[in-house]
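Structure record follows, encoded as C-alpha cells.
All values reported here derive from a predicted model rather than from experimental measurement. Note that ligands are numbered from 1 as they come in the structure, with each ligand's atoms numbered from 1 the same way.
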Amino acid sequence: MRILSGIQPSGRLHIGNYFGAMQPAIKLQDEGDAYYFIADYHSLTSVHDGKALRSYVRDVAIDFMACGLDPDKCVLFRQSDVPEHCELSWILSTVTPMGLLERCHSYKDKIANGISPSHGLFAYPVLMAADILMYDSDVVPVGRDQKQHVEVTRDIAIKMNETFGAGLLKLPNPRISETTAVVPGLDGRKMSKSYDNTIPLFEEPGPLKKKIMGIKTDSTPVEEPKAVEGSNILALYKLVASQADYDTMVADHLKGGVGYGDFKKRLLQAMTDYFAPFRARREEIVADKGYVEKVLAEGAEKARSVARKTMARVRDAVGLGA
Ligand code: ATP
Ligand code: MG
C-alpha cells in the first residue's frame, strides 16, 4: 500500500493539522510505503516572503518528526526538491475541466476569508492531483476540507486514463478520521494557518494560555447550564482529554454552576500535558545540527527516483520528448 500526504509550510503547524492529518499519517507509516511531503509550491499561494517560507519548511520537518514521523519508516521530502510535480501538474491541467475546479469549496472558502484569488490558488487542486498521482498512491490521509480535492484527483486520473490509456494513473482514496475530521479554530471556523485562528502545536506557555482563554464563547451566566452542541471548548477538549475527564466536562456544562473560564483552564492543562512529550522530542531534533537537512536530502532522492519513473511513463503516453 502506497500512502501519501502533504502539509503546507504556510505557518506554524496547529492541532488541526495534527489530529486531522499528521497523527493518521504517523500511524500509517507502519502499515505501508509512506511518502510525506512539505508542500512549499502550494504555500506560495499564501506566503510571499522567501525567508519566512524557508524557515516554515524547516519547522514543518522538525514538528512532524517531533510528533512521531520516523524518516527510517517513511520518505519525508520537500515538494520543490521534486520539480516533476510542476510538470505533471501542467499535463494534468490540460485535461482538467474548468467546471471541476470552479466547484471546489476550498478555493471559495479561502477567497471568502480574504486570501487573494490568484490563478495558483484556483489551480491548487491540479497540483495536488499531481502530488498524489506521481507516487501511484493508494491512500491519502487528510482532514475533511481536503476530501473534495482527492475526489478531483480521481476525476483527473480517470480523464487521463480515458485519454491516454487505461492504467496510466492509479486512482487514490482519501482516508478521513471521522472523529477529527474538522478541528475548530479559536473563532469557531475551521482551524487554518491562514485564518490566524490556530493553536500552534508548539506554542509557548504564555501565548498558549492567552489563546485558550480567548476562545469565543456565548454569554451564558456561570450558574446556568451551557450548550454542549457547538461548544468549541468541548470539541478541543475531546481531542486531548481522557474520556472520563471529557464526560465530567460535559456533565458540568449540563448542570450549570461552572463558568467558561474554568473549562478553559482544564483545556489548557490537558493540552499542555498531551503535547509535553512531543515538545521534549522537538528540542532533541533541533539540537541535532544538520539532521533535518540530511533527512530532507535523502527524502528528495528517494521521492525523485519514483517521480522520474512516473514522468517517463506519462511523457511517453502523451507524446512529449523523442
Ligand atoms: P492553509 O490555511 O495554508 O490552507 P491549513 O491549516 O489548512 O493551512 P494545510 O497544510 O492546508 O493546513 O493542510 C494540511 C493537512 O491538515 C490537510 O490534510 C488538511 O486536511 C488538514 N487540516 C488542516 N486544517 C484542519 C482542521 N482544522 N481540522 C482537521 N484537519 C485539518
Ligand atoms: Mg488548508
Salt bridge [X]-[Y], side-chain N to carboxylate O under 4.0 Å:
X    : Y    : answer
D81  : R304 : no
R266 : D245 : no
E151 : K147 : yes
D196 : R189 : no

Determine whether K159 and D155 satisfy the following criterion, salt bridge (charged side-chain N to carboxylate O under 4.0 Å, His left out), listing intermediate values before the conclusion.
CA-CA 6 Å; K159 198 79 197 289; D155 288 343; over 6 Å; no
Is there any N or O on [X] that sits under 3.5 Å from an N or O of ligand 1?
X    : result
S46  : no
R144 : no
V183 : yes
I7   : no

For ligand 1, indicate whether the residue [X] contacts it via side chain, backbone, both or neither (heavy-atom separation under 4.0 Å).
X    : result
A21  : side chain
M22  : neither
D145 : side chain
T180 : backbone
S43  : neither

With ring centroids as reference points, do F19 and Y274 lie under 6.0 angstrom apart?
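Yes, close enough.
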Run the numbers for me: atoms of ligand 1, each under 4.0 Å from some heavy atom of [X], listed by number.
X    : value
S194 : 1 (P), 2 (O), 3 (O)
S192 : 2 (O), 6 (O), 7 (O)
Q146 : 17 (C), 19 (C), 20 (O)
M191 : 24 (N), 25 (C), 26 (C), 27 (N)
A181 : 28 (N), 29 (C), 30 (N)
Q8   : 1 (P), 3 (O), 4 (O), 10 (O), 11 (O)

Option set [options], criterion heavy-atom distance to [atom], minimum:
atom                    : options             : value
atom 4 (O) of ligand 1  : H42, K193, K110     : K110
atom 31 (C) of ligand 1 : S177, G16, P9       : G16
atom 18 (O) of ligand 1 : S10, G20, P24, G143 : G143

I'd like to know whether ligand 1 has P184 as a neighbour, heavy-atom separation below 4.0 Å.
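For ligand 1, residue contact (heavy atoms, under 4.0 Å) with P184 is absent.
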Give the minimum heavy-atom separation between P184 and M191, together with the two atoms involved.
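Shortest heavy-atom separation between P184 and M191 comes out as O-CE, 3.4 Å.
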Heavy-atom pair with the smallest gap, counting every atom of A25 and F64
CB-CZ, 4.3 Å
Write out the residue and atom name of the closest protein heavy atom to [atom], then the distance separating them to 0.1 Å.
atom                    : value
atom 6 (O) of ligand 1  : H14 NE2, 2.7 Å
atom 16 (O) of ligand 1 : N17 ND2, 3.2 Å
atom 24 (N) of ligand 1 : K190 NZ, 2.6 Å

Check against side-chain contact (heavy atoms from CB on, under 4.5 Å), L169 and I156
CA-CA 9 Å; L169 297 171; I156 294 175; over 6 Å; no
Check for a donor-acceptor pair, side chain of Q79 on one end and backbone N or O of D131 on the other, with a separation under 3.5 Å.
no
For the residue pair [Y] / [X], report whether a side-chain donor-acceptor contact shorter than 3.5 Å exists.
X   : Y    : answer
Q29 : D70  : no
D40 : Y56  : no
S10 : K193 : yes

